[in-house]
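Letters A, B, ... are given to chains in the order of the sequence lines, protein chains preceding strands, and every chain is numbered from 1. In this text, all values refer to a predicted model and were calculated from it rather than measured experimentally.
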2 protein chains.
Amino acid sequence: MANDTCIRLQADIEQIKSCREKLKANSKSFLQLGQVLALAGNEVRLKILFLLEEENELCPCDLSDILGMSIPAVSQHLRKLKDGNIIEARKEGQTIFYSLRNEHLKVLKPFFKIINQQNLATV
Amino acid sequence: MANDTCIRLQADIEQIKSCREKLKANSKSFLQLGQVLALAGNEVRLKILFLLEEENELCPCDLSDILGMSIPAVSQHLRKLKDGNIIEARKEGQTIFYSLRNEHLKVLKPFFKIINQQNLATV
DNA sequence: TTTGTATTTAAGTATTTGCTTAAATAAGTA
DNA sequence: TACTTATTTAAGCAAATACTTAAATACAAA
């Protein structure tokens, strides 16, 4: 970053200082929330999360069928969600059922609400 | 996708069909919400959005100073947010003030709430 | 114990992302 | 008019992303 030649003449020094402090005080939140949003900010994964909310649990095979995409592709999305502690796995014979974890539901719930509201709005 | 050899024997055909219909009915929501979440799912942009909520409006120069990153880098994030209709610009002399648009506040508000709640929790 | 089913993992690849530096606009000021 | 100042734009590049195909793993049934 060499191009740092911009401290505005009219800049409010106090405001800038206060903003920096706010960022610092919430740095953990930005990191954590940012990671969750990055995961949800992919259309395929957003659909997976929505489906898990609706159906309680689903396996990679069914998700592949529902989403119309290959099983490895689905599996790799599931792994990311699992690594992010957003979903968890339950094994039953040779099929593995994925479901939402409670931990991040606080963040996700509003999304599902918005999706369902918009659906109502268009009917 | 050649590897489509997985329709589970125990698969619930009705469930799969129902899921496909839910996705179809909400396809516009998934696209729109996905785009907003993809934008918010970047730590720098999440911080920018939070700061705009807190301060009402900020210019690229101040944001660069607050975030500790180059002006072009900030400017490019702002452009993405503007292209996504999440923020808008107001010109005053040679400085440009960015602020949140109302349109997507419904999605963003819960994030700000979560950030502030977590901050309280750690104090 | 061989065969089939469900899933993951690994390697390869095209695309996207987020920065960098340098140049271009645009608007004030000397 | 020339000279800052604030911002954007463009080009280049390293890293991340999201898929593909092929191989590996794990379990169940014949």
Side-chain angles (χ1 to χ4, degrees), chain A residues 1-12 16 30 34-35 37-48 57-84 87-99, chain B residues 1-12 16 30-31 34-35 37-49 57-84 87-99:
Chain A
M1 186 174 96
N3 199 18
D4 51 353
T5 38
C6 180
I7 293 296
R8 288 188 309 128
L9 295 176
Q10 306 96 318
D12 181 340
I16 287 175
F30 288 117
Q35 284 171 349
L37 295 183
L39 288 170
N42 170 284
E43 212 180 322
V44 172
R45 286 194 296 265
L46 186 59
K47 285 176 181 173
I48 291 176
E57 57 179 20
L58 287 165
C59 64
C61 179
D62 287 347
L63 280 169
S64 145
D65 196 13
I66 294 164
L67 294 164
M69 57 192 296
S70 77
I71 293 167
V74 168
S75 178
Q76 283 160 34
H77 281 299
L78 289 170
R79 182 171 49 172
K80 288 194 174 189
L81 291 171
K82 198 177 157 208
D83 288 348
I87 64 173
E88 62 191 358
R90 173 179 79 82
K91 203 165 194 174
E92 186 179 310
Q94 40 184 345
T95 99
I96 295 175
F97 289 98
Y98 285 93
S99 57
Chain B
M1 187 175 95
N3 199 18
D4 51 353
T5 38
C6 180
I7 294 297
R8 289 188 310 126
L9 295 174
Q10 305 96 319
D12 181 338
I16 288 174
F30 287 116
L31 183 64
Q35 284 173 347
L37 295 182
L39 288 170
N42 170 284
E43 213 181 321
V44 172
R45 286 193 296 265
L46 187 58
K47 286 175 180 172
I48 291 176
L49 294 173
E57 59 178 18
L58 286 165
C59 63
C61 179
D62 287 346
L63 281 169
S64 147
D65 195 14
I66 294 164
L67 294 164
M69 57 192 296
S70 77
I71 294 167
V74 169
S75 178
Q76 282 160 35
H77 281 299
L78 290 170
R79 182 171 50 172
K80 287 192 176 190
L81 291 171
K82 199 177 157 206
D83 287 348
I87 63 173
E88 60 191 359
R90 174 179 79 81
K91 203 164 191 171
E92 186 179 310
Q94 38 182 349
T95 98
I96 296 175
F97 289 98
Y98 284 93
S99 56

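Here B:Ser75 lies in heavy-atom contact (under 4.0 Å) with a base. Among the atoms of the strands shown, only primed sugar atoms or phosphate atoms (P, OP1, OP2) are found under 4.0 Å from some heavy atom of A:Tyr98.
A close approach under 4.0 Å does not occur between any side-chain nitrogen or oxygen of B:Thr95 and OP1 or OP2 of D:dA6. The side chain of A:Asn42 places no N or O atom within less than 4.0 Å of a non-bridging phosphate oxygen (OP1 or OP2) of D:dT17. Side-chain nitrogen and oxygen atoms of B:Arg79 include none within less than 4.0 Å of the OP1 or OP2 phosphate oxygen of D:dT7.
Tested against B:Lys47 for a side chain to side chain contact (heavy atoms under 4.5 Å, CB included), the candidates B:Leu63, B:Asn42, B:Ile66, B:Leu67 yield a single pass: B:Leu67.
The nearest whole Å value for the distance from the CD1 atom in B:Ile71 to the C1' atom in C:dA23 is 15 Å. The CZ atom of B:Arg90 sits 15 Å away from the C1' atom of D:dT7 (whole-angstrom rounding). Rounded to whole angstrom, the span from the CD atom of A:Glu57 across to the P atom of C:dA6 amounts to 16 Å. Look at CG on A:Leu78: it is 12 Å from P on D:dC19, rounded to the nearest Å. Between the P atom of C:dG18 and the CG atom of B:Leu46 lies a distance of 13 Å, rounded to the nearest Å. Across the protein-nucleic acid pair, A:Gln35 atom CD and D:dA16 atom C1' stand 14 Å apart, rounded to whole Å. Rounding to whole angstrom units, NE2 of residue A:His77 and P of C:dT7 are separated by 16 Å. Between B:Leu58 atom CG and D:dA6 atom C1' the separation is 15 Å, expressed in whole Å.
Nearest to the side chain of B:Cys61, among C:dT7, C:dT9, D:dA6, sits D:dA6. Comparing C:dT9, D:dC19, C:dC19 by their closest approach to the side chain of A:Val44 singles out D:dC19. The side chain of A:Ser70 has D:dT20 as its nearest neighbour among D:dT9, D:dT20, C:dT8.
Residues B:Gly41 and B:Glu92 each lie close to DNA chain C; by heavy-atom proximity, the contact nearer the 5' end of the strand is made by B:Gly41. Checking B:Gln94 against B:Lys80, the closest nucleotide of DNA chain C that is more toward the 5' end is the one next to B:Lys80. Between B:Val74 and A:Lys91, the one whose closest nucleotide on DNA chain D sits nearer the 5' end is B:Val74.
The backbone N or O of A:Met69 lies less than 3.5 Å from a partner atom in the side chain of A:Ser64, making a donor-acceptor pair.
Here the NZ atom belonging to B:Lys80 is positioned 12.0 Å from the OG atom belonging to B:Ser75, to the nearest 0.5 angstrom. Here the OG atom belonging to A:Ser99 is positioned 8.0 Å from the CZ atom belonging to A:Arg90, to the nearest 0.5 angstrom.
What you find for A:Ala38 and B:Gly41 is that their closest heavy atoms are CB-O, 3.3 Å.
The base of C:dT20 sits within donor-acceptor range of the side chain of B:Gln76, with an N or O pair under 3.5 Å.
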